[in-house]
Structure formats: C-alpha cells, structure tokens
Amino acid sequence: MSQQQLVRLRPSWRAWGRSCSSSPAHQKLEYPGWKLLEERKITEFDISATLLEHARTKAKYLHMATQDDNNAFSVNFRTTPMDSTGVAHILEHTTLCGSQKFPVRDPFMKMLNRSLSTFMNAMTGPDYTLYPFSTCNEQDYYNLMSVYLDSVFKPLLREQDFLQEGWRLEHDDLADNQTPLVIKGVVFNEMKGAYANAQSLFGQQLLNNLYPSHTYSNSSGGFPLDIPQLTWENLKKFHAEHYHPSNARFLSYGNLPLENHLAKIDSEYLSKFEFLELDTSVPKESRWSEARRVDVTCAPDPMNPDPVKQSTVAVSYLMADVTDTNHSFALQVVCELLTGGPGSPFYKSLIEPGFGSNFSPVSGYEDHTKETNFTIGLQNIKQEDTDQILQVIDDTIDKVIEEGFDADKIEAVLHSYELSLKHKSANFGMNLIMSMTPFWNHTENPLNFLEVNNTVTWFKEQLAKDPKFLQDLVKQYLKENKHKLVQTMNPVENYSELEQKQFDELEQKLRENLSEGDKEVIHAKCLELQKMQDDKEDASCLPTLKVADISS
C-alpha cells in the first residue's frame, strides 16, 4: 500500500500487549556479529532499549524488551525515489511475489492460515518502506521472520512479477490478439483509483509543491502517467541500492530474547553481505524567500450536494526537523490548539461562518517527512471565496499571536497526551514501531524519541519561563514563515475527458514503435503470466505452526 497515514508521532500511544509473568532480565550480553551502541531504560513504557550495529554491514537494530508477549518485528529501508514511476511502491509489491527460500506468490496471504499473527503488512511511505508483523507465539515469530527476511533480501524479482504488479501492455482481450494493447498492472490500477479521489491527488500535489527539490517532489506510490516509464532493470537496480542491509533498520519489541533474533538475522542473511557505501539521505529543503501559490484542477463531484461549492484551498508551512523532538512536540501542540475541536481558532473563523463544509483531509501537523509541516485547508468552498478565506487565515493567525491560547485548553491538550501514555492495549508494540519509523529514518539514534517525559517536561519549562512561548511559535512558523505554499483546486467540466485523453495518447505512444515481432513477444509474455496466475502453487515450502507449537 502506498503512503500510509501511519500512527502520529506523539499523541497516539494507544496500544499495549498482554503482560507476562516476569520482566526481562537486564544483563550485559555478548552479541556475536553485532556491536552494542547503547542501552537505555525507558521508564515511560517500562522498556529496556538496546541499540546495536551489525559489524559487517553496519545495519542498525533497535530492540525494546518489555513485559509483553505480543512480540513485534519490522525491517525498514530508507527508500528515496527520484521520479514518480512508483518504483518504491512496485518493489514493495514484487518482493512479495516469491523469494529464493519461499518461491510462492503472495506469501503473506498464504501465511494467514499457517500463522497466529496479530498483524502482517508492508507499507510504502514518502521516503521509507517497512515490513512489520506481530504475534504472540514464539515459533510463529521466527516463521514470519524467515518469510519477511527472505522476501526483502532474497526476492526473485522475476519479469513476470514486474509485469503483474507494475505495468505491462496487454491486449484488451487476451484471447484476441487483434484487440488494442492497453496498459494493465496492479499498482498502475491502484494508483489510478487512488488519484481519482480529488482530495488524495490534492494532498500528493501539496507535498510535491512544498518540497520541490528532492524525493518528496515525486509520488513514491507512482503517478499513473509516469509508471510506464519504469523498467524491470530499474526495479532490480533500486532493490540493489535500497534493500541492502547497509540501508536497513531492524526493530523488535516484546519479551522474546534479543540474542535469538540477532543470531538468526546474522547467520541466515547479514553474514552473506558486505558493507555497501550508500547515500539515501534526504537533504533539508532550501527555504524560500517568498511564499508561493499553485492552482490545480480536478473533476466535478456529481455527489456534492452543493454544486457551487466544489473548490478546495490550503495553506501549508514548512516547519521543524522531525528529529528535533522538543520543537516537533511543541509545534504539534500548537497545531492541535489551532484546529482541534469546535472551540479552536480556525474552526471558529472558517467552519462556523460556513465558508466550507469541513477542514480538508490534508489539514493538521504532518511528521512523516524529514522536515515537518502544518497545513490549514478548507474543502467544498466557493471558488470566488478563496481570497477572502486566505485573508481570514492570516487574520486568525494575527489574533492568536495577540491573544494567545486559553491556559485551560493548553492544559487539556497536555493532559490528553499524558493520559494516552498510560492507556496501553493490545497493539502497542506495533504502533510504536510504525510511529518511530519516520523519526529513525533521519537520525542515527532513535532512543530520544521514546523519552516522552523529557519532552513534556521541556515544554512545560518553556511555558513557565515565557508565557508567550506558543504565540512566538505561531509568529515564527506561521506569520513570518516565507516557506509558505498556497494551493487551490477548482473543478473543470471536461477534466475526466482530458485525463482519459492523456492515457489514450500514452498507450498510443507505447504502441506506435512496436514491430509485429515486438507484439508477438508481448502477447506471449502475457499468456505466460496468465498461465502462472492460473497454476495452482505448492505452498508446502512455507513454514507452518504445529499443534505442539500452539499448546506449548
């Protein structure tokens, strides 16, 4: 799946597992093949954190030992595509089409009736891809780990897998090679559907326009018109460059012994690799000297109850580095105060007067990129109201700077955060891993992220020292921020026809240079793909639980 809205960094500590009979013993251990970097007790979550580096490949590993038998694991990679062909997304799909040890299609689905997993998935974000799972059964944990590790480090990446998951030309009716060649493919069709939603496309374009200089200027999921530029060779090249252990981060959580995890990962996979010098880092965005405006278009919504109100406007501000935990937390509090609930300033100034039906889905504080951003957007507005709404946004910011926030509301936001830290239910470990991913993607040491009490204490100290602390943040990051993007979206009557014309022209361009021999090769490959899809696979190579594993 593409660009998932994963767990928010700070307030969403909303899950925990079942407790075990005894806490993990804290003792200095030797980990062959690994270098111990740091051990730290995280009292907020009763976690003993261990940070390590693989001696041979420099892969990083974070283990969070705790009294929870819902053990979680993830292998993460920083994936920074420099185009919108969807290479990171398509690679996520094709790694799950079979591996050297488990040469079966879609092993995750086939593991469902062989596993007691409490979570299994794979996700592509703006600049990362992660493969997480969790289970309460020890044997199941290592079964799933085997499937996951083999999928990412030893995938087959066959041409058939690329044609199925990415894109291919295929006769509209495969049984009739006289029908036109058209573009097909799982990710191609998935992204056509995703961006058919006007708000999804608006959000993707907002990200591209706010961060125009590097990887975020592209769609990691893939723009459908760009996907056919990707080749099978470039897919394999991206895997070699980004799915190497030297670019990997491992996370584990729970009460299973760390030494067993490390021994398995090292002996079965990492020891087979050498260190590879890679630079997948994301540079900071060059700050603008003046605000920018972009106008985009969409198709009219026939289901909109008010056909006059079909426009969207958003103002987005580039903010702090995601690894600056203190300022990121403070800015998240500010943004919650600005937009959270009917009593918030922007709700009163934008929603109550009836400018639009609601805040747009892109509104809020976003922390899944190297530098965070805040967006205030309004959907279902009249196009002619756009400039007035922009003025209201500026006026609201000025009013907040002058009057500040109600002390009770600040306390209520902090109280909700602190309560959420104590609300621990079933999937805490998995949520923690997913929420840590954007942070650790851009720093060497992820442990500061876990020490939430230090961040909250710092925040309260700043408020005590300077009653205008939050107002100054609003002034600095909103009013005086030159890296500000205004983006509007207005419907165009023939939008769908124009878009379909682009797809028709793309298909025609792909067809026009094909010889008869090329067409025969394409048809043969598509028939071979269909046969592969129809063939019944032998899934006996996949690990499965035995009765003894469940009852033990």
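All heavy atoms count here, side chains included; hydrogens, waters and symmetry mates do not.
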Straight-line distance of L144 CG to S151 OG, nearest 0.5 Å: 10.5 Å
Whether F250 and F73 hold their rings parallel, tilted or perpendicular, with breakpoints at 30° and 60°: tilted
Spacing of NZ belonging to K184 relative to CG belonging to L163, to within rounding of 0.5 Å: 12.5 Å
F503, F188, Y195 screened by ring-ring contact (aromatic ring centres under 6.0 Å, His included) with F223, the one that passes: Y195
Shortest non-hydrogen separation from A88 to T124 and the atoms involved: O-OG1, 3.9 Å
R249 (side chain) donor-acceptor with K60 (main chain) under 3.5 angstrom: no
Gap between atom OG of S117 and atom CZ of F108 - 0.5 Å precision: 10.0 Å
Closest non-hydrogen atom pair, P228 against P224: CD-O, 3.1 Å
M109 atom CE, neighbour heavy-atom count above 12 within 6.0 Å: no
Residue of the set K284, H483, H442 for which side-chain contact (heavy atoms from CB on, under 4.5 Å) holds with E371: K284
Aromatic ring proximity F77/H244, centre distance under 6.0 Å: no
K110 NZ/CZ over F102 ring centroid, <6.0 Å and within 45° of normal: no
Separation between CG of L276 and NZ of K58, rounded to the nearest 0.5 Å: 13.0 Å
Side-chain donor/acceptor of N71 to backbone N/O of S252, under 3.5 Å: no
Expected output: side-chain R292 to main-chain N209 donor-acceptor under 3.5 Å: no
pair H239-K236: side-chain heavy atoms closer than 4.5 Å: no
F133 and Y148 aromatic centres sub-6.0 Å: yes
